[in-house]
Amino acid sequence: MRQRYYIEDIGEHVDSEVTLEGWLTGKRSSGKILFLQFRDGTGFIQCVASKSDIGEEAFEAAAGLTVESSLKVTGTVKADSRAPGGYELSVMGLQIVHVADEYPIGRKEHGDAFLLDHRHLWIRSSRQFAILRIRATVISAARDYFDSRGYTMLDTPILTPAACEGTTTLFSTDYFGESAYLTQSGQLYNEATAMAFGKVYCFGPSLRAEKSKTRRHLTEFWQIEPEIAFADLSDIMDVQEELVSEIVGRVLKDRARELEMLERDTEVLKRVQPPFPRVTYSEMVKLLGKNGVEFEWGNDFGAEHETVISQTFDRPFMVTHFPKSVKPFYMELDPEDERLTLSVDMLAPEGYGEIVGGGQRVTDLAVLERSVDEGALPRADYEWYIDLRRFGSVPHGGFGLGLERVVAWVCGIHHLRETIPFPRMLKRLRP
RNA sequence: UCCUCGGUAGCUCAAUGGUAGAGCAUCCGGCUGUUAACCGGAGGGUUGCAGGUUCAAGUCCUGCCCGAGGAGCCA
C-alpha cells in the first residue's frame, strides 16, 4: 500500500513534504495568503497557502472552496508555535476532490434540535471528534483489561423471548409470528457462559423503551458486562475499581489532546486510583440525613440523592447492600440480613451518578425459584436460567458498565446524547 | 404521563397591540500571519398550524403540532 500521511503523526514529518487527504473545516484569507483549516479524521491542522507559492490559478481555486469540501493537500510540515497543535502545513499544491454545497453547520452556536437533526454532519466537528475518539479508547481499554486477564468475550443475543425483568418496558418485535424483545442486558446469558468458560464478558447494546427524558438516559446504550464464576461481592468490587481506574488511565495517556480540546479538568481524573470509597446503602441513607435530605430506608436513590451523594466524594465510590425491594430478582441475598442483597453500584463524582451496577447472583435453586415466582415472571421462559442452579451451581457475580455514562463523566460533558455516534432517545430515531 | 420554557431569515436571537430587525452564514469587493480574522456592500420572511378578539396581531385568547429542560420511570 502506498505511503499515507495522517495529521495524528504529523510531528514525525517536520520539514518533509507530505500529502494529506481530508476536508476543509474553514478558511481565512488576507488577499495573497490563505489559511485553510483542515481535518483528515485523525486530527486538525492549518494549511497556509500563498499566491507566490502555488500560482494564481490554484490560489483562486482554493479561495473559492466551500466549508467541508474534500481535497488533497501537498506541502511541507512546519513546526510553528503560532499554530494550534504546534504544526502547520506550508502548501505547495492541492487537488480538489469535491466542492461541497453550502454547509448547514456554522462556527457560531446552534440549538440542540438543529444539531441532532444534522448528527450525520455534526460528528465532523472538533468537539464531537474528541468525545467519540475518547469513546473508542474507553471501549478499547475495557476490552484490553478483560482480554489480558483471561476472560473470554462471548456475545449474548439481542433478540430474546423474555424480559430480564418483568417490570421494565421492552421494545418488542415480530419473530416469525411469535413476539420477541430487544435485549436490555446480556447478563442472564453471561451467567450461562460463565458456567462454561469461568470468566467472561460481553459488549453490546442494551435497549429500553422507557419514556425517560433526561440527560442521563438513552433508549439504546452500550454496556460492557463481565461475569465471573466463584466470585463474591468483594471480588466484584475489586474488578470494578481496577477496570474503571485502568480505563481512565488509558484515556489520560492516549487521549490527552482530546481532553484538552474538551477543556476537561484532568486533575479530577488523575485521582481515579484504587481504593475507591465503599459505603453501604444504610450508611448512605444516614449520610443523606446529615446533608439535610429526607430519605426513607427501602426506597431507591433518585437523581437528587445521587447528586448530593456524589458531591461528597472526590473519586468514584461504591454503594453496597441495597434492599431487596429495589434490586432485581437474581440478586443474592445477604446471609447476615435477608432484607438486603449482595449488590453494588458505582457512582461517578461531580454529580454524574451511577456508572456501574452489579453484584453477586443467587446460587441456590430454591431461592431463585421463589424469586422468579414472586416477580410473577413467566416460568417457562426462565427455565434455562434456573437450570444453571441444577448443574454445578457456584457463587458467581458480575456487573454492567454503562459505556455512555462513563464517557460523559470522563469527558466532563453534560448530556449522554453526545457520547454515542447516533443517539436514540425518546422522540429521536433519525438520522 | 406530569410541570416549566420555547417555536420569527439557512443558523442564533431581537422587535410598548401600530413600517418585521441584528449578528453569523451566503454572494460581490478589499487586505501577505489569520486564530469563531477584519473592513465595505448586496440578496434573503406564509413570524409552527388552525381559528378568534381588534381599526390594526410576531405580540392578546382558544385548540392542536413540534422541540428543550426537569420530574416520574430507569441493572
Side-chain angles (χ1 to χ4, degrees), chain A residues 25-37 44-53 59 63-64 66-68 78 80-85 88 90 100-118 121-122 125-127 163-165 167-170 183-188 190 206-219 221 223-225 227 299-307 319 322 326-331 341 343-346 353-359 361 397-402 405 414-417 425-428:
Chain A
T25 66
K27 66 173 197 287
R28 286 179 282 275
S29 86
S30 295
K32 297 183 184 64
I33 188 165
L34 193 58
F35 301 95
L36 301 169
Q37 317 306 130
F44 297 79
I45 195 170
Q46 174 164 269
C47 306
V48 186
S50 70
K51 200 176 272 188
S52 54
D53 284 343
F59 189 87
T66 49
V67 170
E68 285 303 320
K78 303 282 187 194
D80 193 321
S81 57
R82 288 172 296 186
E88 62 180 29
S90 186
D101 288 353
E102 185 183 334
Y103 195 60
I105 300 178
R107 281 192 292 280
K108 286 265 181 170
E109 56 186 329
H110 293 285
D112 301 320
F114 178 82
L115 289 170
L116 285 167
D117 286 341
H118 294 83
L121 302 176
W122 188 22
S125 63
S126 60
R127 177 182 156 88
C164 281
E165 325 198 347
T167 52
T168 326
T169 316
L170 293 162
T183 186
Q184 297 177 294
S185 158
Q187 195 224 297
L188 301 187
N190 264 350
S206 291
L207 301 121
R208 288 195 210 146
E210 287 153 11
K211 297 201 169 175
S212 299
K213 196 171 145 55
T214 83
R215 66 193 183 91
R216 290 175 180 171
H217 289 89
L218 297 170
T219 54
F221 65 101
Q223 290 198 94
I224 294 165
E225 298 171 275
E227 193 71 28
N299 289 338
D300 203 358
F301 299 126
E304 183 206 356
H305 310 116
E306 285 194 359
T307 303
V319 184
F322 284 83
V326 301
K327 286 292 171 188
F329 74 95
Y330 49 71
M331 282 296 179
T341 56
S343 51
V344 51
D345 283 1
M346 184 187 292
E354 187 182 346
I355 53 172
V356 174
R361 324 302 188 187
F399 59 87
L401 176 141
R405 287 186 178 180
H414 180 71
H415 202 298
L416 246 45
R417 65 186 159 212
M425 298 179 291
L426 184 62
K427 309 249 179 133
R428 194 164 287 280

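Below, read A as the first sequence line, B as the second, and so on, with proteins coming before strands; counting in each chain starts at 1.
The nucleotide B/A14 finds no pairing partner, because no Watson-Crick or G-U wobble arrangement with both distances shorter than 3.5 Å includes it. In this structure, B/U32 makes no Watson-Crick or G-U wobble pair, since no nucleotide meets both defining distances under 3.5 angstrom. In a base pair of the Watson-Crick type (N1 to N3 plus N6-O4 or O6-N4) or a G-U wobble (N1-O2 and O6-N3), with each distance short of 3.5 Å, B/C27 is matched with B/G41. When both pairing distances are held under 3.5 Å, B/G51 makes a Watson-Crick or G-U pair with B/C61. The partner of B/U1, taking Watson-Crick or G-U wobble pairs whose two distances both stay under 3.5 Å, is B/A71. The partner of B/G6, taking Watson-Crick or G-U wobble pairs whose two distances both stay under 3.5 Å, is B/C66. B/U19 is unpaired under the Watson-Crick or G-U wobble criterion, no partner having all donor-acceptor distances under 3.5 Å.
One N or O on the side chain of A/Thr341 and one on the backbone of A/Phe322 form a donor-acceptor pair closer than 3.5 Å. The backbone N or O of A/Ala100 lies less than 3.5 Å from a partner atom in the side chain of A/Thr66, making a donor-acceptor pair. When atom types are taken as modelled, the side chain of A/Arg208 and the backbone of A/Gln184 share no donor-acceptor pair closer than 3.5 angstrom. In terms of modelled atom types and a separation under 3.5 Å, the side chain of A/Lys211 and the main chain of A/Leu426 share no donor-acceptor contact.
Residue-to-nucleotide proximity on RNA chain B shows that, of A/Gly400 and A/Lys427, the 5′-proximal contact is made by A/Lys427. For the pair A/Ser206 and A/Val48, nearest-nucleotide mapping onto RNA chain B gives the more 5' position to A/Val48.
The pair A/Arg428-A/Asp117 meets the salt-bridge criterion, with a side-chain N (NZ, NE, NH1 or NH2) lying under 4.0 Å from an Asp/Glu carboxylate O.
If you take atom P in B/G10 and the same atom in B/U46, they sit 8 Å apart, rounded to whole Å. B/C3 and B/G45 have their P atoms separated by 39 Å, with the value rounded to a whole Å. B/U4 and B/U62 have their P atoms separated by 14 Å, given to the nearest Å. For the P atoms, the distance from B/G40 to B/A22 is 14 Å, rounded to whole Å. Here, B/A50 and B/A57 have their C1' atoms 15 Å apart, quoted to the whole Å. Between B/G52 and B/G44, the distance separating the two P atoms is 32 Å to the nearest Å. When the P atom is used for both B/G69 and B/G63, the distance is 25 Å, rounded to whole Å. Spacing between B/G58 and B/C5 at atom P, rounded to whole Å, works out to 23 Å.
Ring geometry for A/His118 versus A/Phe114: interplanar angle of 30 to 60°, hence tilted.
Base engagement by A/Glu225 is indicated by at least one non-hydrogen atom pair under 4.0 Å involving a base atom. Within 4.0 Å (heavy atoms only), A/Ser343 reaches no atom of the nucleic acid at all. A/Gly358 comes within 4.0 angstrom of nothing in the nucleic acid, heavy atoms only. Within the 4.0 angstrom heavy-atom criterion, only backbone atoms of the sugar-phosphate kind lie near A/His110; the bases stay farther away. As judged by a 4.0 angstrom heavy-atom cut-off over every strand, A/Ser50 is placed among residues making no nucleic acid contact. Counting any heavy atom pair closer than 4.0 Å across all strands shown, A/Arg417 reaches sugar-phosphate atoms only and no base atom. Using a 4.0 Å heavy-atom distance criterion, A/Phe114 is classed as a sugar-phosphate-only contact. When heavy atoms are screened at a 4.0 angstrom cut-off, A/His415 is found touching the sugar-phosphate backbone but no base atom. Contact annotation for A/Arg216: no contact, since no heavy-atom pair falls under 4.0 Å across all strands.
Side-chain atoms of A/Gln46 lie closest to B/G33 of the nucleotides B/A68, B/U32, B/G33. Nearest to the side chain of A/Ile33, among B/C74, B/G70, B/G33, sits B/G33. For A/Thr214, counting side-chain heavy atoms from C-beta on, the closest listed nucleotide (B/G67, B/G72, B/G69) is B/G72. Closest contact between the side chain of A/Glu88 and the listed nucleotides B/U34, B/U32, B/G70 involves B/U34. Considering only side-chain atoms of A/Arg428, the nucleotide from B/U1, B/G67, B/U32 that sits closest is B/G67. Closest to the A/Glu210 side chain, of the nucleotides B/G33, B/C74, B/A68, is B/C74. Closest to the side chain of A/Lys211, out of B/U1, B/C74, B/A68, is B/U1.
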### Task
Using the side-chain contact (heavy atoms from CB on, under 4.5 Å) rule, take A/Glu68 and A/Leu121 through it: C-alpha gap first, then chi angles, then the decisive distance, then the call.
CA-CA 10 Å; A/Glu68 285 303 320; A/Leu121 302 176; over 6 Å; no

### Task
Give the intermediate values and the outcome of side-chain contact (heavy atoms from CB on, under 4.5 Å) for residues A/Val344 and A/Phe399.
CA-CA 8 Å; A/Val344 51; A/Phe399 59 87; over 6 Å; no

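When rounded to the nearest whole Å, the span between CG of A/Leu36 and P of B/G33 equals 16 Å. Remark: C1' of B/U12 and CG of A/Asp117 are 15 Å apart, rounded to the nearest angstrom. Atom CZ in A/Phe59 sits about 11 Å away from atom P in B/C31, given to the nearest Å. Here B/G70 presents its C1' atom at 14 Å from CG of A/Asp112, a figure rounded to the nearest Å. Rounded to whole Å, the distance from CG on A/Leu426 to C1' on B/G69 is 13 Å. Rounded to whole Å, atom P of B/G72 lies 13 Å from atom CZ of A/Arg215. Counting to the nearest Å, the P atom of B/G33 and the CD atom of A/Gln37 are 16 Å from each other.
Phosphate proximity of B/G70 to A/Lys213: absent, as no side-chain N or O sits under 4.0 Å from OP1 or OP2.
Side-chain contact between A/Asp80 and A/Gln46 is absent, with no heavy atoms from C-beta onward closer than 4.5 Å. The side-chain heavy atoms of A/Leu116 and A/Trp122, taken from C-beta on, include a pair separated by under 4.5 Å.
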Give me the distances for all protein-to-nucleotides 21-25 of chain B N/O pairs that come in under 3.5 Å?
none

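Contact of A/Ser30 with B/C38 (side chain to base): no donor-acceptor pair of N or O atoms is detected under 3.5 Å.
A/Arg361 approaches A/Met331 most closely through the heavy-atom pair NH1-CE, 4.0 Å.
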